[in-house]
Amino acid sequence: MELKNTKAVLAVDLGGTKLAAALVDETGQVLAERHAPVIRDDWPAAIRQIEEEAAACLASAGASWSGVCSAGILVPGIAGPDGNVWAPNLWGDRDVPLGSALGERLPVPVVLDNDRSGYVLGEQWLGAARDCQDAVFVAVGTGIGVGVLMAGRVLRGCAGIAGAAGWMALTTGLQPEYLQHGCWEWEAAGPALARKSGLATAEEAVAAARRGDPSAVEAVHDVARWLGLGVANLISVLNPGIVILGGGLMGAGDLFLDPIRQTVLQVAQPRAARMARIVLSQLGPRAGLLGAARLAWRRDIVL
């Protein structure tokens, strides 16, 4: 689609394995979209990759930078208020000055945030949490992260760490792995399902559970119980109107949704549990891109 008089923003979802970039207009229409394997272990090369994918989006839409208002960039880690990013799965255990570097290379204002915040923004704009001011997005994939929207604005904390809920302690039985990965993440993310089922991947475990394999079915039930406990805690503490379940593992959300709801009703604060709708993501893999676009259009919604 050619971009003529339409204004747009650049949206970039920088994941642990992939980079997605798009031009998005004010209504949420995607005018051009690109996907590529992300460059790891070399953050200056990743910045060049963002530039290249942005240029390819512009070319695809027949646009120039003069039609782009700003850029929203999501990262898989912590985006601090100073523009520094901690994304250990990409660049190791160090802070990277991504904000200032992109500010020098892109000819538009740049706003950074973590991917979990982007997910809840995307769903609040165009997905399951549309028009909801108090929402929680639980992203369950190789890890667990939570995006929180309170009174219509993203909750980030004093250093951008809010929502690192994979570290929630849900038992007094501390295992060494909890110190490295976080209790909830170790027990309930995609790798946990694979490990508990005795299979190589979560995808294989899901397929086996659908076939009725006893070990895989038991693993699904166990992971769903842990997921329900974490969601129950979030509901009790935050009292959201809606909890959205997304991320790679929730591609099989039909296996998990009802058990999670049942656990929440058993253990969460009763009134908060009855108020909160628990649903699957409506935007799927596009939640991050559309959240990055929303961030770029509405820079005032970040606390």
Side-chain angles (χ1 to χ4, degrees), residues 8-24 33-36 38-55 57 65 68-125 137 139 143 145-150 152-165 286-303:
V9 294
L10 172 68
V12 177
D13 183 6
L14 188 65
T17 58
K18 65 169 181 63
L19 181 151
L23 289 178
V24 183
E33 186 172 356
R34 298 271 302 178
H35 296 267
V38 72
I39 296 177
R40 303 165 63 91
D41 303 321
D42 185 349
W43 70 268
I47 289 176
R48 292 192 296 273
Q49 184 181 31
I50 291 172
E51 283 187 284
E52 292 168 0
E53 295 301 326
C57 283
W65 280 110
V68 179
C69 302
S70 57
I73 314 290
L74 300 183
V75 297
I78 298 170
D82 56 3
N84 287 338
V85 167
W86 180 75
N89 289 337
L90 291 179
W91 306 309
D93 187 13
R94 57 174 175 164
D95 286 350
V96 168
L98 196 69
S100 59
L102 285 170
E104 294 174 358
R105 303 293 290 268
L106 299 181
V108 293
V110 174
V111 58
L112 291 173
D113 210 331
N114 59 69
D115 50 6
R116 54 191 181 270
S117 295
Y119 299 147
V120 75
L121 280 176
E123 294 285 347
Q124 192 254 358
W125 187 23
F137 188 104
V146 172
V148 180
L149 197 71
M150 301 300 291
R153 302 181 72 188
V154 176
L155 185 68
R156 300 181 75 247
C158 67
I161 305 174
R286 263 193 173 175
L289 265 183
L290 292 172
R294 186 60 167 167
L295 191 70
W297 280 118
R298 291 283 313 280
R299 297 192 294 276
D300 60 304
I301 54 181
V302 181
L303 286 177

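Here the structure is a predicted model, which means the values were calculated and not measured.
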Could you list the residues that satisfy side chain to side chain contact (heavy atoms under 4.5 Å, CB included) with [X], not counting sequence neighbours?
| X | value |
| --- | --- |
| Ala55 | none |
| Ala11 | Val24, Leu289, Ala292, Ala293 |
| Ile78 | Trp86, Ile161 |
| Leu102 | Ile47, Ile50, Ile73, Leu98, Leu106, Val110, Leu112 |

Looking only at heavy atoms, what is the nearest atom pair of [X] and [Y], with distance?
| X | Y | answer |
| --- | --- | --- |
| Pro109 | Cys69 | CD-O, 3.4 Å |
| Cys158 | Pro81 | O-CG, 4.1 Å |
| Ala71 | Ala296 | C-CB, 3.8 Å |
| Trp91 | Ile39 | NE1-O, 4.2 Å |
| Cys57 | Ala21 | SG-O, 3.6 Å |
| Leu74 | Asn114 | CD2-O, 3.6 Å |

For the pair Arg156 (side chain) and Val148 (backbone), establish whether a donor and an acceptor sit closer than 3.5 Å, ignoring hydrogens and angles. no
Side chain of Arg116, backbone of Ala165: donor and acceptor closer than 3.5 Å?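 Between the backbone of Ala165 and the side chain of Arg116 there is no qualifying donor-acceptor contact (under 3.5 Å).
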Which residues satisfy the side chain to side chain donor-acceptor pair (under 3.5 Å) test with [X], sequence neighbours excluded?
| X | answer |
| --- | --- |
| Glu53 | Arg34 |
| Trp125 | none |
| Asp41 | none |
| Arg105 | Glu51 |

Applying salt bridge (charged side-chain N to carboxylate O under 4.0 Å, His left out), which residue pairs with at least one partner in residues 75-95 are found, sequence neighbours left out? none
Using a 4.5 Å cut-off on heavy atoms from C-beta on, say whether the side chain of [Y] contacts that of [X].
| X | Y | result |
| --- | --- | --- |
| Asp42 | Arg40 | no |
| Trp43 | Pro97 | yes |
| Val38 | Leu90 | yes |
| Asn84 | Val96 | no |

Mind checking the CG-CZ spacing from Asp115 to Phe137? Nearest 0.5 Å is all I need.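 The distance works out to 9.5 Å.
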CD/Glu123 to CZ/Arg294 distance, rounded to the nearest 0.5 angstrom? 13.5 Å
Carefully, step by step, assess Trp65 and Val108 under the rule side-chain contact (heavy atoms from CB on, under 4.5 Å). CA-CA 8 Å; Trp65 280 110; Val108 293; 3.9 Å; yes
Is any side-chain N of the basic residue among Lys18 and Asp13 closer than 4.0 Å to the acidic one's carboxylate O?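 Yes, charged N to carboxylate O under 4.0 Å.
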Given the rule in the side-chain contact (heavy atoms from CB on, under 4.5 Å) test, do His35 and Leu19 qualify, once you have shown the distances and angles that lead to the verdict? CA-CA 6 Å; His35 296 267; Leu19 181 151; over 6 Å; no
